[in-house]
Asker: 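My questions all concern the structure below.
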Amino acid sequence: MGTPRGLRNASSSSACRFLAAFAVLLALPTLTAGLTRHYTFNVQMTNVTRLCVTKSIPTVNGQFPGPKLVVREGDRLVVKVHNHMNYNVSFHWHGILQLRNGWADGPSYITQCPIQGGGSYVYDFTVTGQRGTLWWHAHFSWLRVHLYGPLVILPKRGEGFPFPRPYKELPPIMFGNVTPLPCVMALELETVTVFRNAYTCVGEWFNADTEAVINQALQTGAGPNISDAYTFNGLPGPTYNCSSKDTYKVKVQPGRTYLLRLINSALNDELFFGIANHTLTVVEADANYVKQFTAKTLVISPGQTMNVLLTTAPNPASPAYAMAIAPYTNTQGTFDNTTAVAVLEYAPTRASATGNNNLPLPPLPRYNDTNAVANFSSKFRSLATARYPARVPRAVDRHVLFTVGLGTDPCPSNQTCQGPNGTKFAASINNNSFVRPRVALLEAHYQRRYAGVLMANFPTAPPHPFNYTGTPPNNTFVTHGTRVVPLAFNTSVELVLQGTSIQGAESHPLHMHGFNFFVVGQGFGNYDPVNDPANYNLVDPVERNTVSVPTGGWVAVRLLADNPGVWLMHCHFDVHLSWGLSMAWLVNDGPLPSQKMLPPPSDLPKC
């Protein structure tokens with residue numbers, strides 16, 4: 001079930017009694033620092049039914065989505081993975097910094113070779129200086145559509161939150177699928193009750209086999225088939241055929257404030273989220289506290305997480321309200337333009353009193369409302385306090401400009417292709433479409449065996465400048481290569497991500513492994529290196545691990561390269577990642593022992 005070893009075979013009641021005693025022990029000062037928490041992932045095929053379609057999908061411990069992992073800041077997490085499938089697989093702990101320990105980061109062929117069928121690997125890492133909501137997911141092909149789950153990092157005991165203490169946590173929402181755990185034992189965090197199933201993932205459901213979907217798209221050069229539904233914690237809800245019984249519901253009491261953890265685990269869609277007749281207070285983004293602000297509609301990109309406070313009505317006019325998600329996109333291709341619904345129920349309420357089909361929906365923006373997205377994104381600010389400082393680099397050693405967007409590849413002479421004008425869709429950064437290596441880049445770097453594996457010549461400026469957000473060039477073909485940007489340890493970097501209009505302007509959620517970064521500026525049109533830096537926020541910029549490049553615009557981030565290793569940066573639309581929209585940073589060791597990569601573990605998988 002994904003619970004810590006020693007609890008998996010107990011009954012629900014005995015497990016809860018054990019957890020209650022364990023929670024008391026955790027209150028003792030001598031037992032609160034640096035706990036080691038063990039989990040086991042058995043990756044296996046499991047039959048799951050949604051929308052009246054039953055199919056066999058990859059799961060962790062038979063759950064879809066997978067188990068929730070709970071740690072405290074400073075804990076060590078040990079996850080033993082056994083792959084019982086025919087697919088290769090690896091796991092990424094999205095947002096965990098993995099200081100000096102890229103061996104636990106997870107992207108296949110970047111920091112490790114994948115775990116082959118019948119193989120095992122232990123991910124062993126310590127959560128240092130982080131607290132909040134993150135998540136884990138598979139990092140091989142499109143397997144993360146089913147293999148994902150929440151990773152909740154509680155503050156150190158006695159610290160609490162830098163915002164008013166909520167009454168309880170609601171079940172977290174992953175915009176994806178989840179199976180509640182059998183025990184709803186609560187661990188007390190100050191006065192906040194943290195339920196073991198308290199999160200929400202939002203995501204997508206495909207009736208088809210997603211591996212066949214992406215393989216067909218790569219073969220034909222066309223865009224992939226779209227999803228059949230969006231989901232709240234694995235449940236599509238009543239807006240889809242044959243799905244009214246698969247509706248996610250959460251109960252609340254009137255006049256209370258709840259903490260809600262949100263995760264967008266969707267493959268290829270940014271999502272609007274709202275709750276009818278309710279206002280949300282945003283308090284955290286990507287496991288970083290932010291200055292509080294209120295909003296009726298949130299925008300969450302794939303890979304991003306967000307914690308919000310929900311204050312319920314003291315005298316609700318209705319026994320239930322709809323929670324809804326719908327897509328934001330400017331793509332010129334087809335997309336899943338549907339709305340998924342979950343239900344917020346006020347207690348005490350009879351189940352028959354909250355019909356799913358007649359609840360009014362929250363007024364979400366139109367699917368292509370870029371202004372609504374920009375207005376929401378502009379509200380994020382770091383706390384920038386003594387306890388939670390914003391350590392944004394003021395001086396910059398390296399200035400880097402990356403164009404981010406789509407492109408094309410020529411159709412092979414013996415094939416008919418279904419991409420633009422008979423070509424094949426591609427994607428690139430600075431016109432370089434990333435080629436997956438045959439061995440793991442991190443292992444090659446550790447052994448200093450670069451020949452035939454990677455090239456340290458990734459372009460740090462566009463090789464052929466053009467009007468990036470205007471009329472695209474006639475030649476949209478990309479180049480290909482396994483290229484990295486090498487950085488000396490402790491280099492301060494300013495990275496400008498510039499969207500392009502090639503094959504249509506759209507946003508791109510860029511995720512960086514191994515680092516957080518500060519979002520110091522963003523805008524529409526082409527980045528102006530002379531005038532735009534004057535408007536940077538260097539006082540309290542938001543700190544994130546995933547940021548969306550605005551549609552027809554740019555975003556500037558700063559980071560300090562103080563984590564040695566090889567770190568992937570990629571678009572979190574998996575279709576764009578499959579088309580090559582990624583690159584890697586190679587951060588060299590520093591001079592001190594504490595600034596060097598750790599040696600690889602003995603069970604590191606082989607290619």
Side-chain angles (χ1 to χ4, degrees), residues 2 39-46 48 55-67 79-94 98 102-125 135-149 176 206 208-219 224 265 267-268 303 434-446 453-454 482 511 513 566-568 570-572 574-582 584 600-607:
Y39 289 83
T40 298
F41 279 15
N42 286 301
V43 188
Q44 61 200 55
M45 302 301 292
T46 303
V48 172
K55 65 176 186 176
S56 182
I57 65 171
T59 64
V60 170
N61 302 342
Q63 297 176 236
F64 173 51
V79 183
K80 188 166 188 177
V81 177
H82 303 286
N83 184 8
H84 303 287
M85 307 184 301
N86 292 326
Y87 296 116
N88 291 344
V89 73
S90 64
F91 287 93
H92 173 52
W93 319 94
H94 187 110
Q98 303 292 5
W103 313 108
D105 191 44
S108 290
Y109 299 103
I110 306 299
T111 60
Q112 66 168 95
C113 298
I115 308 167
Q116 299 180 24
S120 300
Y121 182 50
V122 177
Y123 292 93
D124 187 344
F125 56 92
W135 63 304
W136 57 266
H137 60 81
H139 215 299
F140 184 89
S141 189
W142 279 23
L143 293 183
R144 77 170 179 86
V145 71
H146 301 125
L147 296 174
Y148 62 86
F206 289 75
D209 177 359
T210 48
E211 290 303 287
V213 167
I214 183 56
N215 288 337
Q216 179 187 40
L218 294 176
Q219 174 65 28
S265 58
L267 274 186
N268 296 312
F434 190 78
V435 176
R436 191 187 77 182
R438 299 184 304 274
V439 298
L441 297 185
L442 184 64
E443 193 168 9
H445 171 53
Y446 186 80
V453 178
L454 62 85
T482 307
H511 170 55
H513 291 231
V566 180
W567 306 106
L568 185 66
H570 62 93
C571 183
H572 226 278
D574 273 30
V575 59
H576 294 174
L577 175 60
S578 298
W579 287 340
L581 209 164
S582 62
S602 60
D603 63 340
L604 189 68
K606 303 299 181 183
C607 289

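The model shown is predicted, which means the values in this text are computed figures rather than measured ones.
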Asker: For the ring pair His139 and His94, is the centre-to-centre distance below 6.0 Å?
Answerer: no
Asker: Looking only at heavy atoms, which two atoms of Pro224 and Trp579 are closest? And how far apart?
Answerer: CD-CZ2, 4.1 Å
Asker: Taking side chain as C-beta onward, heavy atoms only, is Thr482 less than 4.5 Å from Leu441?
Answerer: yes
Asker: Compare every heavy atom of Pro605 with every heavy atom of Pro114, then report the nearest pair and how far apart it is.
Answerer: O-CB, 3.6 Å
Asker: For a 4.5 angstrom cut-off between non-hydrogen side-chain atoms, does Tyr39 reach Val60?
Answerer: no
Asker: If every non-hydrogen atom of Trp142 is compared with every non-hydrogen atom of Leu267, which pair is closest and at what distance?
Answerer: CE3-CD1, 3.5 Å
Asker: Stepwise, does the side chain to side chain contact (heavy atoms under 4.5 Å, CB included) test hold for Ile115 with Phe41?
Answerer: CA-CA 12 Å; Ile115 308 167; Phe41 279 15; over 6 Å; no
Asker: How about His137 and Ser265: do any of their side-chain heavy atoms sit closer than 4.5 Å?
Answerer: no
Asker: Test your reading of the model: is there a side-chain donor-acceptor pair from Thr59 to the backbone of Gln44, 3.5 Å cut-off?
Answerer: yes
Asker: To the nearest 0.5 Å, how far apart are CZ in Arg436 and OG in Ser582?
Answerer: 11.5 Å
Asker: Has Asp209 got a side-chain atom pairing as donor or acceptor with Glu211's backbone, closer than 3.5 angstrom?
Answerer: yes
Asker: If you take all heavy atoms of Cys571 and Leu577, which pair is closest and at what distance?
Answerer: O-CB, 3.8 Å
Asker: Does a donor on one side chain and an acceptor on the other come within less than 3.5 Å for His570 and His576?
Answerer: no
Asker: Relative to the ring of Trp93, is the ring of Tyr123 parallel (under 30°), tilted (30 to 60°) or perpendicular (over 60°)?
Answerer: perpendicular
Asker: Quick check against the 3.5 Å criterion: does Lys55 have a side-chain atom that pairs as donor or acceptor with the backbone of Ala208?
Answerer: yes
Asker: About how many Å separate CG of Leu604 and CD of Gln112, when rounded to the nearest 0.5 Å?
Answerer: 7.0 Å
Asker: Rounded to the nearest 0.5 Å, how far apart are CZ of Phe64 and CD1 of Ile57?
Answerer: 4.5 Å
Asker: Would the distance check show the side chain of Asn268 and the main-chain N or O of Asp574 forming a donor-acceptor pair, the cut-off being under 3.5 Å?
Answerer: yes
Asker: Within the 4.5 Å heavy-atom criterion, are Val122 and Pro601 side-chain neighbours or not?
Answerer: no
Asker: Evaluate the criterion side chain to side chain contact (heavy atoms under 4.5 Å, CB included) for residue pair Ser141 and Ile214; output intermediate values, then yes/no.
Answerer: CA-CA 8 Å; Ser141 189; Ile214 183 56; 4.2 Å; yes
Asker: I want to check something: taking the side chain as every heavy atom from C-beta on, are Pro437 and Leu454 in contact at a cut-off of under 4.5 Å?
Answerer: no
Asker: Closest approach of Thr111 and Gly106, non-hydrogen atoms and distance?
Answerer: OG1-N, 3.1 Å
Asker: After noting the C-alpha distance and the side-chain angles of Glu443 and Lys606, does the key distance pass the side chain to side chain contact (heavy atoms under 4.5 Å, CB included) rule?
Answerer: CA-CA 10 Å; Glu443 193 168 9; Lys606 303 299 181 183; 3.9 Å; yes
Asker: Ring-plane angle category for Trp135 and His572, please: parallel below 30°, perpendicular beyond 60°, tilted otherwise.
Answerer: tilted
Asker: Please report the closest heavy-atom contact between Ala138 and Val89, naming both atoms and the distance.
Answerer: CB-CG2, 4.2 Å
Asker: In Å and rounded to the nearest 0.5 Å, what is the CG to CE distance from Leu143 to Met85?
Answerer: 5.5 Å
Asker: Parallel, tilted or perpendicular for Trp136 and Phe91, by the 30°/60° rule?
Answerer: perpendicular
Asker: Checking Asp124 side chain against Trp103 main chain: does a donor-acceptor pair fall under 3.5 Å?
Answerer: no
Asker: Are any side-chain N or O atoms of Asn42 and backbone N or O atoms of His84, one a donor and one an acceptor, separated by less than 3.5 Å?
Answerer: no
Asker: What distance do Asn83 atom CG and Gln116 atom CD have between them, rounded to the nearest 0.5 Å?
Answerer: 9.0 Å
Asker: Parallel, tilted or perpendicular: which describes the rings of Phe140 and Tyr109, with under 30° parallel and over 60° perpendicular?
Answerer: tilted
Asker: Rounded at 0.5 Å granularity, tell me how far CG in Asp105 sits from CZ in Phe125.
Answerer: 9.5 Å
